[in-house]
Amino acid sequence: APTADNSAGAGAVPTAGSVKIDGSNLGSALAGDIAATRISANTTSGFSIVSYTGADVAGNTVAHGLSQAPELIIVKDLWSPKDWQGYDVMGGPTKYIQLNDNGGYATDTTRWNDTAPTASVFSLGTSDKVNDAGDTYVAYCFHTIEGYSKIGNYVGNGVDNAGPFVYLGFQPAWVLIKATSAARDWWISDNKRDPYNDDAIRVLWPNDTGAEANYTNYDMDYVSNGFKVMGDNNKVNENNTTYLYLAYAESPFKTTNAR
């Protein structure tokens with residue numbers, strides 16, 4: 001993990017200890033016209049954590065430290081009470097989605113400046129939720145790693161006990177789902193709270209303060225190569241509604257067995 005803040009300017013070699021890529025200091029120039037304050041990136045797992053200070057200039061760019069473009073980015077202003085902002089590759093850079101509410105995609109080019117992330121940087125517009133001058137932000141960046149994680153989407157069919165099957169290439173341990181074409185709560189399940197496929201599933205909602213709930217119409221089966229939506233609740237399986245998902249494997253990079 002980083003042990004120092006980066007005091008070097010944009011385009012310079014960052015301060016020792018401030019940018020850690022796979023556990024090592026970055027010894028070359030840091031990408032982006034905003035010099036990230038700290039980066040901790042694991043290119044094997046396709047995940048990085050970035051802190052930066054906003055500049056309020058359309059088209060600002062910040063390094064993410066990964067080996068390919070992020071497919072999902074979640075940004076939060078650390079200094080002000082502002083909404084969590086989300087980018088994903090399916091919605092594209094004209095859309096955003098908020099982790100702390102149940103809304104679907106909204107259109108606004110001031111979040112990501114209508115510019116998709118590259119293999120080295122992500123772009124910012126002038127929205128104060130991602131790029132207010134002088135405010136400190138954290139960005140969580142993700143991309144798919146075959147056999148370990150997957151980011152994608154599926155379309156619901158509204159059929160109880162016969163919902164969509166989503167191929168992941170692994171048995172999932174944890175799944176996050178969000179309707180993007182309708183206002184529906186975020187949804188999390190995992191195989192530690194719910195170790196067996198049965199007629200009900202334990203659910204948490206990141207955008208809500210509610211306690212864990214156990215529902216039959218949210219049901220989902222984790223199988224050896226993905227998950228099968230078994231419930232017909234509109235948070236996971238409304239007919240013709242599109243859902244974003246992020247899933248992580250039970251046994252990364254190995255053959256897995258159905259529950």
Side-chain angles (χ1 to χ4, degrees), residues 42 44-47 71-72 74 86 88-91 97 99-105 140 142-259:
N42 187 320
T44 302
S45 64
F47 176 64
E71 297 168 82
L72 175 66
I74 299 172
D88 71 83
V89 67
M90 281 73 64
I97 196 163
L99 182 63
N100 57 296
D101 70 34
N102 70 355
Y105 285 143
Y140 301 100
F142 309 78
H143 66 74
T144 296
I145 297 290
E146 185 178 3
Y148 174 72
S149 65
K150 191 169 182 183
I151 298 161
N153 60 12
Y154 67 88
V155 178
N157 62 16
V159 180
D160 191 27
N161 292 317
F165 169 72
V166 178
Y167 177 80
L168 302 173
F170 54 79
Q171 179 178 318
W174 183 92
V175 180
L176 170 72
I177 292 174
K178 175 67 180 78
T180 57
S181 58
R184 306 286 182 256
D185 290 326
W186 292 78
W187 181 100
I188 289 176
S189 73
D190 62 76
N191 66 0
K192 298 301 181 284
R193 293 178 299 123
D194 228 338
Y196 304 105
N197 291 327
D198 52 30
D199 292 333
I201 194 166
R202 297 179 185 278
V203 179
L204 291 170
W205 300 277
N207 61 290
D208 193 283
T209 60
E212 174 188 76
N214 197 19
Y215 287 107
T216 56
N217 64 341
Y218 290 75
D219 196 22
M220 174 183 293
D221 285 353
Y222 287 6
V223 297
S224 61
N225 58 354
F227 62 86
K228 173 75 172 176
V229 181
M230 301 299 289
D232 61 355
N233 187 276
N234 61 17
K235 294 178 179 63
V236 293
N237 190 23
E238 185 174 44
N239 190 38
N240 291 325
T241 294
T242 301
Y243 297 87
L244 165 72
Y245 67 84
L246 168 63
Y248 283 96
E250 165 69 12
S251 300
F253 315 113
K254 297 178 181 178
T255 302
T256 57
N257 298 313
R259 292 195 289 178

Open item on the list: With a sphere of 6.0 Å drawn around CD of Glu212, does it hold more than 12 non-hydrogen atoms of other residues, nucleotides or ligands?
Closed with: yes

Open item on the list: Quick check for you: to the nearest 0.5 Å, what is the distance between Leu72 atom CG and His143 atom NE2?
Closed with: 12.0 Å

- [ ] Measure the shortest side-chain to side-chain distance between Phe170 and Tyr248 over non-hydrogen atoms and say whether it is less than 4.5 angstrom.
- [x] no

Open item on the list: Distance check, rounded to the nearest 0.5 Å: Asp232 atom CG versus Asn239 atom CG?
Closed with: 11.0 Å

- [ ] Mind checking the NZ-CG spacing from Lys228 to Asp221? Nearest 0.5 Å is all I need.
- [x] 9.0 Å

Task: Residue of the set Tyr222, Tyr245, Phe165 for which ring-ring contact (aromatic ring centres under 6.0 Å, His included) holds with Phe227 - done: Tyr245

Open item on the list: Quick check: do Thr180 and Asn153 have side-chain heavy atoms less than 4.5 Å from each other?
Closed with: no

Open item on the list: Quick check for you: to the nearest 0.5 Å, what is the distance between Asp88 atom CG and Ile151 atom CD1?
Closed with: 8.5 Å

- [ ] Would you name the heavy atoms of Arg184 and Lys178 that are closest together and state the gap between them?
- [x] O-NZ, 2.7 Å

TODO: State, to 0.1 Å, how close Tyr154 and Val236 come at their nearest heavy-atom pair, and which atoms those are.
DONE: OH-O, 2.7 Å

- [ ] Would you indicate whether the side-chain heavy atoms of Tyr243 and Glu238 approach each other to under 4.5 Å?
- [x] yes

Open item on the list: Treating Ser189 as the side-chain partner and Val203 as the backbone partner, does any N or O pair qualify as donor plus acceptor under 3.5 Å?
Closed with: no

TODO: Taking all non-hydrogen atoms of both residues into account, name the closest pair between Asp194 and Arg202 and its distance.
DONE: OD2-N, 2.5 Å

Task: Atom of Asp101, atom of Trp186 and distance for their closest heavy-atom approach - done: O-NE1, 3.2 Å

Open item on the list: Do Asn234 and Thr241 make a side-chain contact, defined as non-hydrogen atoms from C-beta onward lying under 4.5 Å apart?
Closed with: no

TODO: Would you confirm whether Asp185, through its side chain, and Asn207, through its main-chain N or O, come within 3.5 Å as a donor-acceptor pair?
DONE: no

TODO: Kindly compute the distance separating CD1 (Ile188) from CZ (Arg193), expressed to the nearest 0.5 Å.
DONE: 7.5 Å

- [ ] Check each of Leu176, Asn233, Leu204, Ile177 against Trp187 using the side chain to side chain contact (heavy atoms under 4.5 Å, CB included) test, and report the only one that passes.
- [x] Ile177

Open item on the list: Contact between Asn237 and Pro164 at the side-chain level, heavy atoms closer than 4.5 Å - yes or no?
Closed with: yes

Task: Check: Ala179 main-chain N/O paired with Lys235 side-chain donor or acceptor under 3.5 Å - done: no

Open item on the list: Looking at every heavy atom in both Pro172 and Gly226, which two are closest together, and how far apart are they?
Closed with: CD-O, 3.2 Å

Task: For the student: nearest non-hydrogen atoms of Thr144 and Ser149, plus distance - done: CG2-O, 3.1 Å

TODO: Measure the spacing between CD of Glu250 and CG of Asp190 and express it to the nearest 0.5 Å.
DONE: 10.5 Å

